[in-house]
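Input: a single structure, listed below in structure tokens.
Here the structure is a predicted model, which is why all the values come from computation and not from measurement. Atoms within each ligand, like the ligands themselves, are counted from 1 in listed order.
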Amino acid sequence: MFKFIKSLWWFISKNWYRYLSIVFVGILFPILNLVPGFIVKILIDAVKNEEITLAFLFYKIILPYLGTMLTIYLVTTTKRVLQNRLKVRLYYALQVRYMENILVQDATFFEKFQSGDLLTRALGDVKSVNFSGGNRLINMFLEFMTVVVTLVAMMLIHPILAILCFLPLSLIFVTNLLLKRKVKRNWQLVREKSSLMGNVILESITNVRTIRAFSKEEENYQKNLKYSKDTYEIEKANLKINVIFQPMFQSIVAVATIIAYGLGAYYCYQNYIDVSELAQFILYLNLFQAPLTNIGNMINNFYQSLISADRINEIYDAKSSVVDKKNEDLQEIKTIEFKNFSFRYFGDTEDVLKNIDLKIEEGQTLGIVGKTGSGKSTLVRQLVRQLPIEEGTLFINGEEIEDYNQNNVRSHIGYVPQEHMLFSRSVMKNVLLGDSSASLEEVNEAVVMADFEKDIAELVDGYDTVVGEYGVTLSGGQKQRLAIARAFLKNADVLVLDDSLSAVDGKTEANIIHSLNQYRKNRTNIIVAHRLSAVMHANLIIVLDQGKIVERGTHEELMELKGWYYEQFLAQAMEEGEEHA
Ligand code: ADP
């Protein structure tokens, strides 16, 4: 309980007065609930003493009763309104915090937490925490207060009888405590399985074409089914605990009632207690039943939220390893320098980049080539601050990259990653992501530079054609060119094309490279490519092999070197020759 409150303290501490006002209004309820029992006592006493008159009935019985009921109604409604407001507020705060934390995470985080898992946490776990933080926590406290207030009222009537009746009822608490571990572990398993299921479902939806192409529908279905079954079995086990213990709780209540009836009647007979007091006592005993069983249920559900809170806190507490040390403002990128730069992915045993020394001057075009897996993408991803960096190894304008604000650094780089991200909106809006304030003329220019204008003419609604999941599906090459147009539009100091020309034909590639050489002549360009024709005009070309720079120079220099570049160039030239033949 305290752990849960602690994990929500960031919200509770700011909204303490809301919680307090609900508790304040809510606590009136158990007090008001005692009034009908008191009225019954007055009535029985009056019957005994033959004091019943119409005026007595009206003023002492009916009017107070109606007044109490009306106040109870007002109190319950006010509490409900306040509580719902708090719940909505908390839900919003939880979601915003969740999103804010996700948006600042680095690539390592997204490898640790998969999309389906993050989605399950954002929906299921946030909702569960919201329910407990907004409703259950206060209600549990109020139900507990009902038990206390009622017990005090009963003790005021007859302390021994009250204690004897309460003793078996306290067994409900003890049983709950004993079950705590088991139920908690089960809920943990349910949430973990839900996350796995979320991942599998999301993966199935995203890769539906591949699954169909390889006729893996049945296999995929069975996998989904397995996770659903596992979750079902664990939930069933928890329900079983509930089903077994619910009647047990009721039996305990029955025992308490029998004690009250039997012993109460005996005390009454012995004149230890008045008959009107016994009636009042039994009515109060009935007030116990609901809160005690409710607390039992609430504790069970509360365990779910406790697990969910842990799962959300994992996201809230995740710290990005990409940090801004000094948060300095970067006006423009002139030089980029890697000094004895090495990098290892989290959990790996070997460096994927080894002792890289490389300086890129302003206005230069750098070509990066090498075998698949040699570290090309990893190298350029450092510039957009996707990965943690070792101190004193990467510099912009002579200053450590970590001294600058990372968003600021990114704003000066037009980055086209290998996986082209399209959003389900119009082509225009997708291109405008590069620069939302660009004019139509500037968009046209970027589209021409990316050799994408002929495709726009073919699309049904031109620029307004919706692409992506809810619209037209673009080919791999079209997606690449749209992403390049977006980066061209950004017109940043540095343009990074990470294998972004792999799905376009040789002629289109030549057109794009031509635009690049023409329009970005005095700016810095970094081109990662497989086809060497894409980099042969670069001022500097580096060849990576197993994370090391093994060759460097201009096209002519590398051809003279007669190493990997030379061999690859000849092989590619021959391939192209065969294609044209
Ligand atoms: P390239 O772009 O030259 O094909 P990459 O930079 O993508 O090469 O990969 C370099 C090496 O790092 C490869 O061995 C690859 O398996 C590994 N690698 C790439 N991404 C990750 C990652 N997220 N986690 C662990 N290893 C990775």
Does any N or O in the side chain of Ser426 come within less than 3.5 Å of the main-chain N or O of Lys429, such that one atom is a donor and the other an acceptor? yes

In a table with atom names and distances, give each donor-acceptor pair under 3.5 Å that connects a side chain of residues 369-383 to protein atoms at least two apart or in another chain.
residue	atom	partner	partner atom	Å
Ser374	OG	Lys371	O	2.6
Lys376	NZ	Gly370	O	3.0
Lys376	NZ	Lys371	O	2.9
Ser377	OG	Asp498	OD1	3.2
Ser377	OG	Asp498	OD2	2.9
Thr378	OG1	Tyr345	OH	3.0
Arg381	NE	Gln386	OE1	2.6
Arg381	NH1	Tyr345	OH	3.2
Arg381	NH2	Gln386	OE1	3.4
Gln382	NE2	Thr378	O	3.1

Return yes when atom CD of Gln546 has more than 12 non-hydrogen atoms of other residues, nucleotides or ligands closer than 6.0 Å, and no otherwise. no

Do Lys326 and Tyr404 form a cation-pi contact, if we require the NZ or CZ to be under 6.0 Å from the six-membered ring centre and within 45 degrees of the ring's axis? no

Please output the residues near ligand 1 using a strict heavy-atom distance under 4.0 Å, listed in chain and residue-number order. Glu111, Tyr345, Asp348, Val352, Lys371, Thr372, Gly373, Ser374, Gly375, Lys376, Ser377, Thr378

For atom CZ of Phe110, decide whether the heavy atoms of other residues, nucleotides or ligands shown that lie under 6.0 angstrom number more than 12. yes

Polar contact flag, side-chain donor to acceptor under 3.5 angstrom, Asn327-Asn405: yes

